A.B. asks: 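I am attaching a structure below and will ask some questions about it afterwards.
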Amino acid sequence: MPYAQIVLPLNLRGTFTYRIPDEIVSVIQAGMRVLVPFGGKKIYTGIVFEIHNQTPENFVVKEVISILDDQPILPSEQIHFWNWLSEYYLCNLGEIYRFAFPSSLKLESETYLKLKPNAVIDFEILDVNEMYMVQALEVRQLINLTDIEAFIPKKDIIKTINSLIDLQYIEIDEKITEKYKAKEVAYVKINEKLLSNENLTIILSKLDKAPKQKELFLSILSRQSDNPENFIKKSDVFAEGHFAQSHFKPLLDKELIEEYYIQKDRIESYNGETEEIEDLSEPQKQSKIEIDEAFNEGKNVLLHGVTSSGKTHLYLDKIEECINEGKNVLFLLPEISLTKQITQRLEKKYGRQLGFYHQKLTDFERVEVWRRIKQNDIQILIGTRNALFLPYQNLGLIIVDEEHDSAYKPREVSPYFNAKDSALVFANFYDAKVILGSATPSVESYYLAQKDKLRYVFLNERFGNVKLPEFELIDFKEAQDSKKISGNFSLKLIEEIKKNLDEKNQTIILHNRRGYANVVECETCGYVNYCSNCDVVLTYHKAANEMKCHYCGQRASKPKTCPKCHSENLNERGVGVEQIHEEVSKIFPDNEVDRMDVDSMRKKFAYEKLYEKIEDRETDIIVGTQMISKGLDFDHIELVAIPKADSMLYVQDFRAEERAYQLITQVSGRAGRVSGNGKVVIQTFNPGHSVFQLIKMNEVSKIYEYFLKERQKFHYPPFTKLIMIEMKHRREDKVNRASQFLGSVLRKYLPEDCVLGPEKSQIARLNNLYQFQIMLKLPRGKKYEEFKKLVLISLKEFEEITAYQSIKKDVFVDI
DNA sequence: AGCACGCCGACT
DNA sequence: GTCGGCGTGCTC
């Protein structure tokens with residue numbers, strides 16, 4: 001007897017077994033969607049992962065209700081990929097399913113039923129419920145599952161439906177159940193019968209009493225005769241504002257014109273001219289040869305290209321080759337805002353072969369891309385991490401741009417997978433190649449390259465041999481002692497900025513902290529303003545004049561006096577980007593100073609407006625957070641200043657120094673892109689710090705040697721594997737006890753030095769949930785697989801304790 | 001995840 | 001007396 005293992009869109013471990021009814025056993029395949037009953041009355045869209053003949057023993061199996069696809073919607077590569085993801089990242093298949101599928105492809109109980117046309121119903125054999133159902137369907141034709149509850153007891157619904165389906169009396173309406181509808185565009189044309197009729201004058205004279213209608217008719221006629229090949233969009237006719245529906249309708253009624261519809265893609269494709277890619281420069285050609293060699297040896301590539309070295313140019317070249325071989329390309333980016341530039345370059349060449357996929361698309365747009373990929377109608381897909389789940393037919397190359405970016409593994413949305421690492425595995429299932437590209441590769445990728453797990457290709461020269469910016473360190477302590485400062489700026493730095501302004505160049509100032517002041521503290525009693533939902537101090541935002549929690553988003557007004565002792569001595573501590581912006585505006589009152597951070601960019605088109613201002617050189621100085629390190633490719637930025645560089649280093653995170661290096665290098669890449677005279681000034685209390693010294697020397701391999709040595713010394717990745725288990729509950733004692741228990745279970749199976757904690761998370765309470773975490777430091781290699789199995793056993797043992805089931809538990813593999 | 005069941009305190 | 005809070009158990 002055939003059974004199917006089915007994945008349901010629920011956060012539950014594993015797959016569920018269903019019996020396959022005889023009628024569909026010949027057509028059902030892995031990767032198809034099916035409707036199945038689950039629990040009391042719910043119906044879900046599941047995905048067939050496996051078909052087998054093993055009769056399950058410990059439970060009563062239910063039957064698959066129906067199949068939704070006539071061929072698999074998921075290719076087998078995706079099934080392998082999902083299985084790998086769920087094993088490697090210790091997450092449930094259901095979570096992956098939810099994340100991977102546009103929601104209109106996952107129907108739930110909103111499923112409609114209807115009577116089978118031509119069904120001859122024998123009422124004699126029906127029971128009461130079946131009778132009700134058939135009668136209701138005769139009256140209403142279509143009924144969704146929820147409505148059926150009105151006349152049939154919940155527990156009998158599934159039984160009734162199944163038996164009526166068995167009798168071939170009713171069926172599930174797939175056209176209705178598919179929530180997705182193609183977008184249709186209205187077109188108009190002159191009624192064809194008229195065109196053969198030469199007597200247009202008579203027709204026109206009939207319209208004399210309705211001049212507007214006549215005008216409209218003539219307008220459509222002239223469009224049509226001017227350009228007989230072109231279809232006339234209805235919206236274009238109305239666009240000029242001359243005509244309204246009230247002129248249109250009578251013409252339709254008189255059968256002078258016709259209206260018709262054409263299905264259209266929701267996402268507009270580029271229809272302009274396509275052009276060829278320019279030739280590669282000599283250093284780029286060299287890199288290309290190295291990439292080709294690596295690919296021939298079956299190796300993937302880490303392309304380390306300094307800022308403005310033209311990595312994109314190389315990508316384009318490899319994309320072209322891949323397309324010519326008849327294969328498809330996936331181009332991954334950490335975030336949508338970066339798609340613009342790459343798109344502009346690609347769409348000129350590939351036009352409609354190009355597709356996009358990211359979190360900002362509407363559900364219907366996603367389905368459209370999904371289908372085009374399935375039909376092999378898109379050769380190049382540009383997208384963010386969720387684009388890994390599209391049903392590619394023939395993938396040949398994956399490019400992971402800005403591979404170091406932490407947006408590839410956000411901690412907010414489950415499943416918690418790293419898109420960069422997953423891309424390497426995913427590509428393998430298709431026998432495709434991967435290029436990881438960055439100007440500042442992650443330490444982990446660099447290490448893989450050292451071990452030749454990835455081929456390291458270094459593009460050490462800016463395009464056109466433009467010089468990299470020069471670095472200067474300013475000792476702020478010394479400047480302070482000799483009184484050569486003004487606020488947060490040394491006089492020397494002010495001088496540098498002034499010089500740059502005099503030369504009519506633009507300056508970027510990086511300060512990676514939002515808000516105006518980090519803390520508002522009462523000088524008299526020491527009171528600080530905490531968020532009421534989180535264990536976090538509120539940040540003062542002067543521009544919005546409010547206190548904000550950067551974690552839960554709570555806002556409060558700024559207190560004028562201390563809420564506790566009513567003292568007016570409120571002290572603002574901790575410098576935010578707003579304060580730096582204010583300071584710079586005061587130092588350079590005659591110049592245009594703009595701020596760029598999430599708070600100032602929140603308004604619609606704020607980013608676009610500022611972008612234009614910078615491009616038109618209306619802005620002289622841009623003060624911003626890490627946001628300014630991405631995408632600001634302008635020709636006249638010559639100076640990058642980092643007044644408080646130390647703030648980036650002293651963060652409680654073993655990657656803090658790596659992040660600081662990446663951020664500084666990325667921002668510095670904005671300077672002197674054309675002139676080669678770029679300069680970066682770093683102000684620090686600690687100019688002797690290795691990170692600053694190594695950046696200044698610009699000896700890339702030494703920087704990575706330094707990072708790797710530090711990581712090895714303190715047993716951090718890539719020398720160990722980290723798994724972090726975070727537990728949350730609104731009652732502190734409960735989550736504390738639970739985490740202690742899980743800690744003890746883990747220690748039972750794993751060596752003592754592998755388990756750290758539990759301890760309170762850095763933010764002990766977030767959104768009113770108390771948080772505790774356990775860190776697992778596991779060895780690499782074979783041992784890791786072994787230990788991870790033990791972790792899984794521990795987690796299962798923990799889950800068996802019913803008292804702890806209300807605890808939210810997140811597992812982060814490779815934190 | 002969702003839903004039913006069952007146990008306790010706050011109400012008409 | 002009942003309504004509804006949420007802790008617990010279960011789903012192929």
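These figures come from a predicted structure and were not determined experimentally. Proteins get letters first, then strands, A, B, ... in listed order; numbering begins at 1 in each. These numbers come from the heavy atoms of this one structure, side chains and all, not from hydrogens, waters or symmetry mates.
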A.B. asks: Does any pair with a residue in residues 72-82 of chain A pass side chain to side chain donor-acceptor pair (under 3.5 Å), and if so which ones, sequence neighbours excluded?
C.D. replies: A/Gln78-A/Trp82
A.B. asks: Under a 4.0 Å heavy-atom cut-off, which of residues 80-95 of chain A touch DNA chain C?
C.D. replies: none
A.B. asks: So, A/Thr384 versus A/Gln359: side-chain donor-acceptor pair below 3.5 Å or not?
C.D. replies: yes
A.B. asks: For DNA chain C, determine which residues of residues 16-26 of chain A have any heavy atom closer than 4.0 angstrom to one of its atoms, and list them numerically.
C.D. replies: A/Phe16, A/Thr17, A/Tyr18
A.B. asks: Round to a whole Å and report the spacing from CG of A/Asn58 to P of C/dT11.
C.D. replies: 11 Å
A.B. asks: Starting at NE2 of A/His52 and ending at P of C/dC12, how long is that distance when rounded to a whole Å?
C.D. replies: 15 Å
A.B. asks: When the aromatic ring centroids of A/Phe389 and A/Phe417 are compared, is their separation below 6.0 Å?
C.D. replies: yes
A.B. asks: Can you list everything that forms a side-chain hydrogen bond (donor to acceptor under 3.5 Å, both in side chains) with A/Thr17? Sequence neighbours excluded, please.
C.D. replies: A/Gln5
A.B. asks: Round to the nearest Å and state the distance from A/Glu50 atom CD to C/dC12 atom C1'.
C.D. replies: 14 Å
A.B. asks: Any salt bridge (charged side-chain N to carboxylate O under 4.0 Å, His left out) involving residues 418-432 of chain A? Give me the pairs, sequence neighbours left out, ordered by first then second residue.
C.D. replies: A/Glu403-A/Lys420
A.B. asks: Rounded to whole angstrom units, what separation is found between the CG atom of A/Asn11 and the P atom of B/dG2?
C.D. replies: 10 Å
A.B. asks: Run the side-chain hydrogen bond (donor to acceptor under 3.5 Å, both in side chains) check on A/Asn418 and A/Tyr89 step by step: do they pass?
C.D. replies: CA-CA 9 Å; A/Asn418 185 332; A/Tyr89 287 106; 5.4 Å; no
A.B. asks: Using atom types as modelled and distance alone, determine if a side-chain donor or acceptor of A/Tyr392 lies under 3.5 Å from a backbone N or O of A/Tyr430.
C.D. replies: no
A.B. asks: Before we go on, tell me: are the rings of A/Tyr18 and A/Tyr3 under 6.0 Å apart, centre to centre?
C.D. replies: no
A.B. asks: Figure out the CG/P separation between A/Leu12 and C/dC10, and round it to whole Å.
C.D. replies: 14 Å
A.B. asks: Atom pairs, N/O to N/O, protein against nucleotides 7-9 of chain C, distance under 3.5 Å?
C.D. replies:
{"from": "C/dG7", "atom 1": "OP2", "to": "A/Arg730", "atom 2": "NH2", "distance (Å)": "2.9"}

A.B. asks: Give me the ring orientation class for A/Tyr97 and A/Phe101: parallel if the planes are under 30° apart, tilted from 30 to 60°, perpendicular past 60°.
C.D. replies: perpendicular
A.B. asks: Do A/Phe798 and A/Gln805 come within less than 4.5 Å of each other through their side chains, counting heavy atoms only?
C.D. replies: no
A.B. asks: Could you state the atom-to-atom distance from CD of A/Glu57 to P of C/dC12 in whole Å?
C.D. replies: 18 Å
A.B. asks: Provide, to the nearest angstrom, the distance between the CD1 atom belonging to A/Ile43 and the P atom belonging to C/dC12.
C.D. replies: 12 Å
A.B. asks: For atom NZ of A/Lys748, decide whether the heavy atoms of other residues, nucleotides or ligands shown that lie under 6.0 angstrom number more than 12.
C.D. replies: yes
A.B. asks: A/Val36 near the nucleic acid: base, sugar-phosphate alone, or nothing, with a heavy-atom cut-off under 4.0 Å?
C.D. replies: nothing
A.B. asks: Could you check how far OH of A/Tyr44 sits from C1' of B/dA1, rounded to whole Å?
C.D. replies: 7 Å
